[in-house]
There are 2 protein chains.
Amino acid sequence: MNKTVSFDYKPALEFVEQREIDRMGEIVSHSKEELLTREGLGKDFLGWIDLPVDYDKEELERIKEAAKTIRDDSEVFVVIGIGGSYLGARAAIEFLTPSFNNQLTKEQRGGAPEVYFAGKDISGSYLNDLIRIIGDRDFSVNVISKSGTTTEPAIAFRIFKKMLEKKYGPEGAAKRIYATTDKARGALRSMADEEGYTTFVIPDDVGGRFSVLTPVGLLPIAVAGGDVDALLEGAAAQRKISLDKDFDENPSLQYAALRNLFLREGKVMEVLVDYEPSLHNLAEWWKQLYGESEGKDGRGLFPASYDLSTDLHSLGQFIQDGTRIMFETVLNVENPPSDVTIDEEPVDIDGINYLSGKTFDFVNKNAMHGTRLAHTDGQVPNLIVNIPQQDAFSLGSLFYFFEFAVGVSGYTLGINPFDQPGVEAYKRNMFGLLGKPGYEDLTEDLKKRLQ
Amino acid sequence: MNKTVSFDYKPALEFVEQREIDRMGEIVSHSKEELLTREGLGKDFLGWIDLPVDYDKEELERIKEAAKTIRDDSEVFVVIGIGGSYLGARAAIEFLTPSFNNQLTKEQRGGAPEVYFAGKDISGSYLNDLIRIIGDRDFSVNVISKSGTTTEPAIAFRIFKKMLEKKYGPEGAAKRIYATTDKARGALRSMADEEGYTTFVIPDDVGGRFSVLTPVGLLPIAVAGGDVDALLEGAAAQRKISLDKDFDENPSLQYAALRNLFLREGKVMEVLVDYEPSLHNLAEWWKQLYGESEGKDGRGLFPASYDLSTDLHSLGQFIQDGTRIMFETVLNVENPPSDVTIDEEPVDIDGINYLSGKTFDFVNKNAMHGTRLAHTDGQVPNLIVNIPQQDAFSLGSLFYFFEFAVGVSGYTLGINPFDQPGVEAYKRNMFGLLGKPGYEDLTEDLKKRLQ
């Protein structure tokens, strides 16, 4: 049977007493009830809770069909989206596929096209570089936007739409554009209906940062060859634990409790730590989930991440001995996808022969254990999330573990974990400076401030 | 004439008064004198100060020759190093070359091989993925390590050395191994002398995080096609400003002053912000330079980074409205390598026609200006570093700007900016757990703590 993720807070018991944890356990259990009664803050955005069991089965079949078509007719697949319409799919694909995956042959990728992300920034040179990579090869586009008017994906989509039309004609282009958007409203929905794009729905009650298990994440993941059924099964298995289990057996509740304890004790930053490069973008997904859910009303733990052991050779000094502001949550992949054995050398000039016959993962795990103890000694508490495998089931479990925990944690913090009012501030200013219709009143004042 | 970087602290004047800056200007000017008299803390590691003008010219020629050989005889170039033996070259190559550079043809890269980094982590699956990418193609290796015994690069080097020997025989392998190491001592020096590798010297008086303008950075940068002469010229031009100019005209001094003012006012984190994906690894280089130099004795600003506008859609909420702990230093590329114009659409469904005829960079710059004002309103002070071009001269100027500033800033903070005692803690524990000879005494106690 597939295993779900597990959570271990024993390493933190040097910093918090069990009775504090028990007391916080009562508080987060109350937050869990508040979440599940669906009467709390942001209650219109709780669709993610039941998503792994209560999704549109017919739509999932359509996703798989679309993925099959794209895999058959495309060498390149461009995913256009930003924030929650980008980070989950990217995290999943990098977690599930080898490093340098786009440089393998299509056959080595099991038939998947190369997958690239666009509309995630406003760099013209990045866009030109990507266009050069596509060249004259067959490609398809998945544009992901609830409204269709978010600037970054909208301007990128204009470019790729034109490229497709030039290459395949208007009708051919429309067959290669997959729009993931609102079911009824918005610019992208209108355009999709008018042009006849294949469409998938972003549910009204699921916010962007909770949308990886909707078509937002599922289509790109399926195109890349990810097992979306196993992904949903893993999430469903974790959901059962999150909903049914008491604090003592509930990883999400325990994680929510510990991070709130550290916050109350004065920590201002949580660092998500990985020991596999392929988990880098999982941490980026987590940063949005936690930063955007909790970073409001002047509160919240700042979410940072390290790739170790790499960053021990850059940030290790600060972690060990700099300003004492952080705790760490370590992602431990129990069984990595592959491993390498260290050979014996006839002459042991580098002094590494004591490791001969051992594997890289053996060294990596001991680096992890040693680092945990060193950071503990440096007054940086450690929590551990154990991930059984780098497979879709484990990933689904992990996604849900973090999602449920942030809902509980946000309620415990006393904020609405399901809104993001602060995201609008830069957009308003940008629109004012760009002279967007409706924002002209802001322009003069903003330009004056810039002088 | 080529322009050096410039620094603009005007946006921060809402948070600090000019008289505070003037007062801090006196303090950092004193720190500068302390640095230049070479009598302060860490005085044995100040070789970087004169490096751009006082380097081994003969060695630079040898670097260029080696780069030419590697470009001629290799499809792939593997750079093995970690920390300061990794981050500078990676930052420079990504700054100077297009995105997806390894996916272009050798001809499109101007004759450069694909460049990959290894020995920067302990992931066996990353290593296997990289080995698969190399395949049976011709490759060379640059192993970079002062001692030759740092675990991460040492175990990776064993693997690639064996691969080279299998493919080219022992002598052929030795011709394809370039060792950047100590001039006289250490395991890698011994091995190189014994096997006859081409070697380059890591100067004794330049610490790892200051080594990008030594052969550590210069060889990989030259192999990738970077103009190392222009890089050094840019650094030399910036050095002249750093050494000769008074506070009012000295960007490094001003930057050191402002960040120390913010630290004293209670900020605990500095975020380096970029608006071009190709600057991502420059921020990683900066994180080591600042985190490792200042994060000690329980002090220092935690160095973080964002790629914008990407991360405005994930961390933007926190920045705007979460815990108030940070200030931002924005990297502004004044003239990006290329740009894309937004076309008019006959029907303006997405409401973007107001931007038709405008370029991505125009939008990007206004996102930057709008964000700066929004974050200022959210009580996050902004500083700006203007980078004239994404070219080698600008980059050399930028490297030196940050290096000089961190020396001054560290002295102002009252710590030794040139040591890194905290980096050893995890290594000791790892060695104990791995049973490394000489560390057996630690093993039992560590294993007990892990139970």
Side-chain angles (χ1 to χ4, degrees), chain A residues 82-83 98-100 120-129 133 149 154-155 187 191 268 276-277 288 291-292 295-296 300 310 313-318 320-322 325 336-340 342 349-352 360-361 363-364 366-367 370-371 373-374 420 422-423 425-426 429-430 433-434, chain B residues 82-83 98-100 120-129 133 149 154 187 190-191 268 276-277 288 291-292 295-296 300 310 313-318 320-322 325 336-340 342 349-352 360-361 363-364 366-367 370-371 373-374 420 422-423 425-426 429-430 433-434:
Chain A
I82 196 165
S99 298
F100 318 110
K120 61 172 185 60
D121 54 59
I122 321 176
S123 166
S125 51
Y126 174 86
L127 189 59
N128 277 324
D129 294 340
I133 288 294
T149 55
I155 59 178
M191 211 184 304
V268 299
E276 291 288 341
Q288 181 190 22
E292 206 167 77
K296 50 195 69 160
T310 307
H313 293 252
S314 61
L315 291 165
Q317 168 64 40
F318 190 102
Q320 198 66 49
D321 198 27
I325 52 178
S338 75
D339 206 350
V340 175
I342 300 163
I349 304 181
D350 56 6
I352 300 287
F360 272 61
D361 194 54
V363 179
N364 208 12
N366 280 298
T371 301
L373 296 178
Q420 53 283 331
V423 176
Y426 100 89
N429 286 354
M430 177 175 73
L433 290 168
L434 290 171
Chain B
I82 196 165
S99 299
F100 317 111
K120 61 173 185 60
D121 54 59
I122 321 178
S123 167
S125 51
Y126 174 86
L127 189 59
N128 277 324
D129 294 341
I133 288 295
T149 56
S190 303
M191 209 183 307
V268 298
E276 292 288 342
Q288 180 190 23
E292 206 167 77
K296 52 195 68 161
T310 307
H313 293 252
S314 61
L315 291 165
Q317 168 65 38
F318 191 102
Q320 197 67 48
D321 198 26
I325 51 177
S338 76
D339 207 350
V340 175
I342 300 163
I349 304 181
D350 56 7
I352 300 286
F360 271 61
D361 194 55
V363 179
N364 208 14
N366 280 297
T371 301
L373 296 177
Q420 52 283 331
V423 176
Y426 100 90
N429 286 353
M430 178 175 73
L433 290 168
L434 290 172

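In what follows, chains carry the letters A, B, and so on, assigned in the order in which the sequence lines appear, proteins first and then strands, with residues in each chain numbered from 1.
Among Ile342(B), Thr149(B), Ile82(B), Ile349(B), the residue with the largest count of heavy-atom pairs under 4.5 Å with chain A is Ile82(B). Ranked by non-hydrogen atom pairs under 4.5 Å with chain A, the options Ala425(B), Ser190(B), Gly316(B) are led by Ala425(B). Ranked by non-hydrogen atom pairs under 4.5 Å with chain B, the options Leu373(A), Thr371(A), Ile325(A), Val423(A) are led by Leu373(A). Annotation: maximal heavy-atom pairing with chain A below 4.5 Å, among Ala187(B), Ser99(B), Pro336(B), occurs at Ser99(B). When Gly124(B), Gly351(B), Gly422(B), Ser314(B) are compared by the number of non-hydrogen pairs under 4.5 Å with chain A, Ser314(B) comes out ahead. Between chain B and the residues Asp361(A), Leu433(A), Asp129(A), Asp339(A), the largest count of heavy-atom pairs under 4.5 Å involves Asp129(A). Interface remark: of the candidates Gly291(B), Ser125(B), Gly300(B), Gly83(B), Ser125(B) forms the most heavy-atom pairs closer than 4.5 Å to chain A. Counting heavy-atom pairs under 4.5 Å between each of Asp121(A), Leu434(A), Val363(A) and chain B puts Leu434(A) at the top. Counting heavy-atom pairs under 4.5 Å between each of Asn128(A), Val268(A), Leu127(A) and chain B puts Asn128(A) at the top.
From Tyr126(B), atom OH reaches atom CG of Asn364(A) across 13.5 Å, with rounding to the nearest 0.5 Å. Summarising the geometry, atom OG belonging to Ser338(A) is positioned 11.0 Å from atom CZ belonging to Phe360(A); distances are rounded to the nearest 0.5 Å.
Using a 4.5 Å cut-off between heavy atoms, Ile352(A) contacts chain B through both its backbone and its side chain. For Gln317(A), the parts lying near chain B are the backbone and the side chain together; criterion is any non-hydrogen pair under 4.5 Å. When heavy atoms are compared at a cutoff of 4.5 Å, Leu315(A) approaches chain B solely by way of its side chain, counted from C-beta outward. Contact of Ile133(A) with chain B is made through the side chain alone, with heavy-atom distances under 4.5 Å.
The backbone N or O of Ala374(B) lies less than 3.5 Å from a partner atom in the side chain of Gln320(B), making a donor-acceptor pair.
Residue Lys296(B) comes nearest to Gln420(B) through the heavy atom pair NZ-N, 4.3 Å, listed as atom of the first residue, atom of the second, then distance. Shortest non-hydrogen contact noted between Pro277(A) and Lys120(B) is CG-NZ, 4.1 Å. Nearest heavy atoms, Ala367(A) versus Ile122(B): CB-CD1, 3.8 Å.
Residues forming a ring-ring contact (aromatic ring centres under 6.0 Å, His included) with Tyr426(B) (at least two apart in sequence, or on another chain): His313(A).
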